[in-house]
Asks: 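Handing you this structure, nothing more for now.
Naming convention: chains lettered A, B, ... in sequence-line order (proteins, then strands); numbering from 1 in each chain.
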2 protein chains.
Amino acid sequence: MNVNLKQLAEMLGLSQTTVSRALNGYPEVNAETRQRVLSAVRETGYRPNRAAQRLATGRAGSIGLVMPIAQGIDSDVHFGEFLAGLGEESVRHDFHFVINPSAPDDEEATFKRLAASGNVDALFLAYVRANDPRIAMLKSLSIPFVVHGRAIGQPADYPFLDVDNTGAFHDATRLLIQLGHRRIALINGPGNLTFSIRRLKGMRRALEENGLSLDESLVQNSLMTDEYGYRAMQRFLEQEQPPTAVLCSSTVIALGAVRAINKAGLQIGSDISLIAHDDVLPMLKPENFSIPLTTTRSSLRAAGARIATRLISRILKTGDYPDQELWRTELIIRASTGPAPKP
Amino acid sequence: MNVNLKQLAEMLGLSQTTVSRALNGYPEVNAETRQRVLSAVRETGYRPNRAAQRLATGRAGSIGLVMPIAQGIDSDVHFGEFLAGLGEESVRHDFHFVINPSAPDDEEATFKRLAASGNVDALFLAYVRANDPRIAMLKSLSIPFVVHGRAIGQPADYPFLDVDNTGAFHDATRLLIQLGHRRIALINGPGNLTFSIRRLKGMRRALEENGLSLDESLVQNSLMTDEYGYRAMQRFLEQEQPPTAVLCSSTVIALGAVRAINKAGLQIGSDISLIAHDDVLPMLKPENFSIPLTTTRSSLRAAGARIATRLISRILKTGDYPDQELWRTELIIRASTGPAPKP
DNA sequence: CGCAAAATTCAAAGCGCTTTGAGTTTTCAA
DNA sequence: TTGAAAACTCAAAGCGCTTTGAATTTTGCG
């Protein structure tokens with residue numbers, strides 16, 4: 001049914017060597033010969049056997065993901081969305097995944113095992129923590145990797161793709177201040193993850209630049225779920241001096257926050273302003289909220305695709321991508337932000 | 001660094017054949033010899049080269065997923081959770097994934113391509129639609145597959161794992177009727193998916209068994225998101241004769257429904273009862289709702305793991321699992337259900 | 001004991017691809 | 001025209017495993 005290289009070469013009256021070279025873009029093949037090969041491929045539907053390629057080249061043709069099974073992360077919407085981007089791009093290059101779920105305390109061992117197994121030729125790390133020991137470990141592993149995020153408290157001398165979280169929340173906070181808000185709350189992601197830390201930092205910086213200081217009682221760290229968003233917002237609103245504005249680290253959190261605000265009988269955009277970070281989840285669009293949300297935006301799916309591209313190009317040694325990227329976010333104004341209410 | 005079969009065999013003074021057989025559980029190896037081999041493996045940390053195995057056996061060692069990128073499905077929490085189960089189990093057997101995102105109208109072609117590529121030796125299908133043509137296509141493909149769900153309107157003569165959706169919603173509805181409810185609403189998943197169809201059917205049957213009939217205006221089909229749950233519930237409550245109970249096809253939907261109910265100033269469990277289907281999403285536990293939810297429960301992650309087990313056992317021709325499984329759900333009573341309010 | 005049968009073990013042939021090192025043919029300046 | 005360099009093409013050797021078919025050793029029974 002399926003032809004293999006040998007048969008293809010025979011049909012063309014060429015050697016396997018030449019055909020293989022023609023296919024893999026080697027320069028020492030006559031242009032005309034290459035055309036003949038290519039059109040034969042089209043006719044026969046020839047597809048190289050990946051296992052043979054892998055064996056011959058020593059490349060595994062797959063990327064290792066360690067999927068954290070810590071509570072609330074694994075089946076996180078955010079992770080799924082990221083995965084979609086990664087998958088979309090990988091499949092284009094015929095790359096596989098090895099998804100390795102792992103408990104947090106076993107992650108380092110899992111990475112090592114994965115790298116040693118020879119089953120993957122690149123690794124991917126996400127959910128970076130403050131001074132993440134896993135990065136040093138990855139560096140020692142002599143296998144390409146890209147980190148989604150950046151550590152804190154250690155030199156950024158490794159390949160990463162990160163979103164400018166500090167900048168995003170700095171800009172969002174500044175906007176709120178310009179609108180007259182003075183008490184601003186933050187419903188953040190888990191406190192040990194660097195993106196949460198940086199978002200808080202951006203917020204704090206903007207406050208300080210305007211002579212304001214952060215009220216720690218208006219900061220909440222937790223998993224980014226609707227439920228936590230709801231509870232946090234409710235707690236904030238129960239304070240003697242409730243905030244007039246709130247930042248949410250995800251639209252999923254915003255979902256709960258909005259619910260609490262509505263329940264309290266307050267009007268979003270006038271009584272209280274809300275800005276959420278938008279990962280561009282197709283299932284939760286900020287413009288579909290009853291009051292469309294002002295957001296800082298950065299597509300998680302695009303990030304996944306980009307990381308796949310970079311990893312694959314590194315493996316195949318093609319193309320030339322920057323080793324470190326910091327994506328700026330866009331601040332998009334919708335109806336959930338407005339001037340601070342008169343006291 | 002890493003030993004290979006040849007070296008291992010040399011160390012042991014055996015032939016590659018014998019070592020290979022010892023490792024793969026062939027019977028014609030002396031028990032003592034096998035022990036020697038096994039302990040040598042432990043000492044050297046020998047791991048067979050998967051690419052070579054794949055080439056030699058013709059098995060790809062991976063499972064193909066077609067990840068729908070239709071709006072609202074791809075990065076669906078439910079899909080992520082399922083994936084976690086699948087991944088957890090696969091990695092245990094050193095199996096890979098080929099995740100192939102695909103637009104709905106291109107899915108059949110994607111499956112075919114995947115099967116023909118030789119890159120996968122089993123396929124997996126989810127999000128089954130009423131008279132799903134993809135099943136016939138899978139049957140024609142001569143590659144093992146398991147369907148998550150079941151079609152409707154064609155013989156169930158293929159391997160599947162399904163949840164008894166009809167039974168689940170039948171039982172839930174019956175409970176509500178026993179509690180005195182007469183007007184019961186349903187916020188369902190997409191109307192073209194079979195699990196939605198069966199849930200409606202279960203509900204309808206329970207109603208009819210009790211001399212009641214379904215009010216079509218109390219049924220809503222849509223993506224299973226918070227937002228749709230909210231809107232549907234709101235619409236129901238605006239009716240002249242609002243329902244006194246509602247069934248939700250997912251806890252995610254329940255999230256929105258609860259929000260709408262609260263907003264309307266109604267009390268869950270007394271003014272209105274709610275039962276949701278619980279996929280056991282770690283991020284959204286029914287017992288954590290402000291009013292804990294009564295649910296029909298069936299773990300999506302467990303389903304993923306089970307499907308992986310079955311597929312792998314089929315590929316390796318080990319073990320012996322049933323070809324068709326229908327999982328019953330549990331009906332768990334919590335505080336969101338109560339007697340119908342007096343009219 | 002002797003010999004056929006059963007129990008082990010082995011050498012060698014692939015699996016389908018890449019790549020090395022060696023031709024063979026063309027091209028082009030002298 | 002000629003010879004060296006440039007441009008192509010090729011045969012063959014792996015990559016590390018499984019598996020076939022044969023060889024060797026043990027076992028069991030007359």
Asks: Which pairs of donor and acceptor atoms, one on a side chain in residues 140-150 of chain B, lie under 3.5 Å apart (sequence neighbours left out)?
Replies:
{"unit_1": "B/Ser140", "atom_1": "OG", "unit_2": "B/Met137", "atom_2": "O", "d": "2.6"}
{"unit_1": "B/Arg150", "atom_1": "NE", "unit_2": "B/Asp162", "atom_2": "OD2", "d": "2.9"}
{"unit_1": "B/Arg150", "atom_1": "NH2", "unit_2": "B/Asp162", "atom_2": "OD2", "d": "3.2"}

Asks: Can you tell whether the side chains of B/Lys139 and B/Asp157 come within less than 4.0 Å, N to carboxylate O?
Replies: yes
Asks: Only counting residues at least two apart or in another chain, list the ones meeting salt bridge (charged side-chain N to carboxylate O under 4.0 Å, His left out) with A/Lys112.
Replies: none
Asks: Check every nucleotide of DNA chain D for an atom under 4.0 Å from a heavy-atom of chain B, then give the first and the last such nucleotide from 5' to 3'.
Replies: D/dG16 to D/dG21
Asks: Supply the atom-to-atom distance B/Thr194 OG1 to B/Arg129 CZ, rounded to the nearest 0.5 angstrom.
Replies: 10.5 Å
Asks: What does the inter-axis angle of the helix from C/dC1-D/dG30 to C/dA30-D/dT1 come out as, five pairs per end, nearest 10 degrees?
Replies: 40°
Asks: List for me each residue that meets side chain to side chain contact (heavy atoms under 4.5 Å, CB included) alongside B/Arg59, sequence neighbours excluded, and say none if there are none.
Replies: B/Thr57, B/Asp121, B/Ile315, B/Leu316
Asks: Using a strict heavy-atom distance below 4.0 Å, which residues from residues 50-58 of chain A are in contact with DNA chain D?
Replies: A/Leu55, A/Ala56
Asks: Can you name the salt bridge (charged side-chain N to carboxylate O under 4.0 Å, His left out) partners of A/Asp132, sequence neighbours left out?
Replies: A/Arg134
Asks: Between A/Glu325 and A/Arg310, is there a side-chain N and carboxylate O pair less than 4.0 Å apart?
Replies: yes
Asks: Could you list the residues that satisfy side chain to side chain contact (heavy atoms under 4.5 Å, CB included) with B/Glu28, not counting sequence neighbours?
Replies: B/Arg21, B/Tyr26
Asks: If the condition is ring pair (Phe, Tyr, Trp, His ring centres under 6.0 Å), which residues does B/Phe124 pass it with, not counting sequence neighbours?
Replies: B/Phe82
Asks: Of A/Leu5 and A/Glu28, whose nearest nucleotide on DNA chain C comes first from the 5' end?
Replies: A/Leu5
Asks: Ion pair present between B/Arg301 and B/Glu88, side-chain N to carboxylate O less than 4.0 angstrom?
Replies: yes
Asks: With sequence neighbours left out, write down each residue that passes salt bridge (charged side-chain N to carboxylate O under 4.0 Å, His left out) with A/Asp320, or none if nothing qualifies.
Replies: none
Asks: My understanding is that only residues two or more places apart in sequence, or in another chain, count here; which of them pass salt bridge (charged side-chain N to carboxylate O under 4.0 Å, His left out) with A/Arg36?
Replies: none
Asks: Where along residues 10-20 of chain B does a heavy atom come under 4.0 Å from DNA chain D, residue by residue in number order?
Replies: B/Gln16, B/Thr17, B/Ser20
